[in-house]
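Here is how names work: the chains are called A, B, and so on, in the same order as the sequence lines, proteins then strands, and each is numbered from 1.
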2 protein chains.
Amino acid sequence: MHKRVPDVVVLRLAAYRRALREFPAGSERVSSGALAARTGYSAAQVRKDLSLFGQFGQPGVGYSVVALERELVRIFGLDRERRVALVGVGNLGSALLAYNGFREAGLRIVAAFDVDPRKVGGVIAGVPVRHVDELEGAVAGENIELAMITVPAAAAQGVVDAAVRGGIKGVLNFAPAVVRVPEGVMLRSTHLGAELERLSCLVNLSLAGRDEL
Amino acid sequence: MHKRVPDVVVLRLAAYRRALREFPAGSERVSSGALAARTGYSAAQVRKDLSLFGQFGQPGVGYSVVALERELVRIFGLDRERRVALVGVGNLGSALLAYNGFREAGLRIVAAFDVDPRKVGGVIAGVPVRHVDELEGAVAGENIELAMITVPAAAAQGVVDAAVRGGIKGVLNFAPAVVRVPEGVMLRSTHLGAELERLSCLVNLSLAGRDEL
DNA sequence: TAGATTGTTAATCGATTAACAATC
DNA sequence: TAGATTGTTAATCGATTAACAATC
């Protein structure tokens, strides 16, 4: 288990997992070809991607739907509960708190943080809102591994630094700002506008007579 | 202008644009090296990416900050207002309606749609909420080019079909469902859980002793 | 001029695809 | 057995990097 795993492989693994979950109840076996058809990738790519992590299939037979899904869950590290902090309880933060998909994925938002005294002390979607001053201590003392940042751009680096001091393992930044984390801390950045801007670019390029992306 | 533009290039162009916007006021010129330092890519890649679209720099001098940003805006198709519909006024839909970043990017949400009679007829963040039955007609008659879908998974394909019938050019799907669009309509899919699951995967792989992604 | 920097070509690197022996 | 399908190797393809002539 020492191979490098490209980002794009993680993206496809997530698609395989989703496809497996949506498989007709009662399906026991699935072939790389069937997974490919459901996800839009190729059978060879399905097998290659999975082979990075082990040998999960049987030649001539295929993969066990249940066992393969279990392997993917394990690869994603979602086979045990991961505790998550959310920082910034605005519109997007509230939407994330109310989102049900995390729980079933093993991702549990256990604490929310904000600076607004009207929000601190409240409870949103079952999650207590605490003052952001408590963030570092909470990460350090309450086994919080991941943090989602939904604060204004100007505040982003500060709260990321606090989470890092507390020992956070991964940061998902939704603030439209470049933030830095030390080596060893995983970082993903996105923001609400990004996807729509990229879509606009695709539409624009395709209309300009280019090939489809 | 007939080269294929890989998805990853669009991603980097967006980063260059953001970096340009954050450049110290008064900067007139920027080199590929300076852009690289700000975005974490390499100078050669900056030049190569830009060269896909034209020659924007001067040898020995660099790029004009203002002119390059204008070119990027043009490439993204954001040099004129693009009208956008939002379908599904839940938590995420409301967050998108309230997000200010779209307007300054030239993306204007002109109509929101829902099926809930308590929401239909209201106005959120200045945008009127209409019944989803009006979606197709609105797209066709009100020059709406892009649609953001924030409805439950089960309803996603139906509203996408309606938007497509109305002549939508691009769809950004936030529902956790696989949707299909005909050739010629651009589609991007993501959902709130996806990024956090990918982050979890990164953290898990890095802790398992793998190289950094 | 000398130093800096672009745009592009060639070289390298990595990812995808095709093919097939091994296996059920 | 014959048909199906995996895991992996080799071949192809595409993207990144390095290098440099051209230019300011």
Rounded to the nearest angstrom, tell me the gap between atom CG in A:Leu52 and atom P in D:dT6.
16 Å
Quick one: is C:dA4 close enough that its OP1 or OP2 comes under 4.0 Å of any side-chain N or O from B:Tyr63?
no
How long is the line joining CZ of B:Phe53 and C1' of C:dT6, in whole Å?
18 Å
What is the distance from CG of A:Leu68 to C1' of D:dT5, rounded to the nearest Å?
14 Å
B:Arg12 vs D:dT16: side-chain N/O to OP1/OP2 distance below 4.0 Å:
yes
Both distances below 3.5 Å, Watson-Crick or wobble geometry, any strand: find the nucleotide opposite C:dT5.
D:dA22
Take the protein atom CZ of B:Phe56 and the nucleotide atom P of D:dT23, then report the distance between them rounded to whole Å.
19 Å
Taken to the nearest 0.5 Å, the spacing of B:Ile75 CD1 from A:Asn204 CG works out to 9.0 Å
Both distances under 3.5 Å, Watson-Crick or G-U wobble: report the partner of C:dT17, or none.
D:dA10
Would you indicate, yes or no, if C:dT6 has its OP1 or OP2 atom less than 4.0 angstrom from a side-chain nitrogen or oxygen of B:Arg47?
yes
Taking only side-chain N and O atoms of A:Gln58, does any of them lie within less than 4.0 angstrom of OP1 or OP2 on D:dT5?
no
When the distance from CG of B:Leu50 to P of C:dT6 is rounded to whole Å, what number comes out?
9 Å
Side chain of A:Gln55: nearest nucleotide among D:dT8, C:dT6, C:dT16?
D:dT8
Can you measure B:Leu11 atom CG to D:dA15 atom C1' for me and round it to whole angstrom units?
15 Å
Could you check which of C:dT8, D:dT8, D:dT5 has an atom nearest any side-chain atom of A:Ser51?
D:dT8
Examine B:Arg38 relative to B:Phe23 and say whether NZ or CZ is less than 6.0 Å from the centre of the six-membered ring and inside a 45° cone about the ring axis.
yes
If you measure from CD on B:Glu195 to CG on A:Leu96, what distance do you get to the nearest 0.5 Å?
11.0 Å
Do any side-chain nitrogens or oxygens of A:Gln45 fall under 4.0 Å of OP1 or OP2 in C:dT16?
yes
If the cut-off is 4.0 Å, is B:Ser32 near the phosphate of C:dT6, judged by side-chain N/O to OP1 or OP2?
yes
Can you tell me how far C1' of D:dT5 sits from CD of A:Glu28, to the nearest Å?
17 Å
Under a 4.0 Å N-O cut-off, is there an ion pair linking B:Arg12 with B:Asp7?
no
Where the side chain of B:Lys48 is concerned, which of D:dT17, C:dA18, D:dT5 is the nearest nucleotide?
D:dT17
Residue mapping more 5' on DNA chain C - nearest nucleotide basis, B:Val61 or A:Val9:
B:Val61
CG of A:Leu13 versus P of C:dA15: gap in Å, rounded?
14 Å
Quick check: do A:Leu78 and A:Leu107 have side-chain heavy atoms less than 4.5 Å from each other?
yes
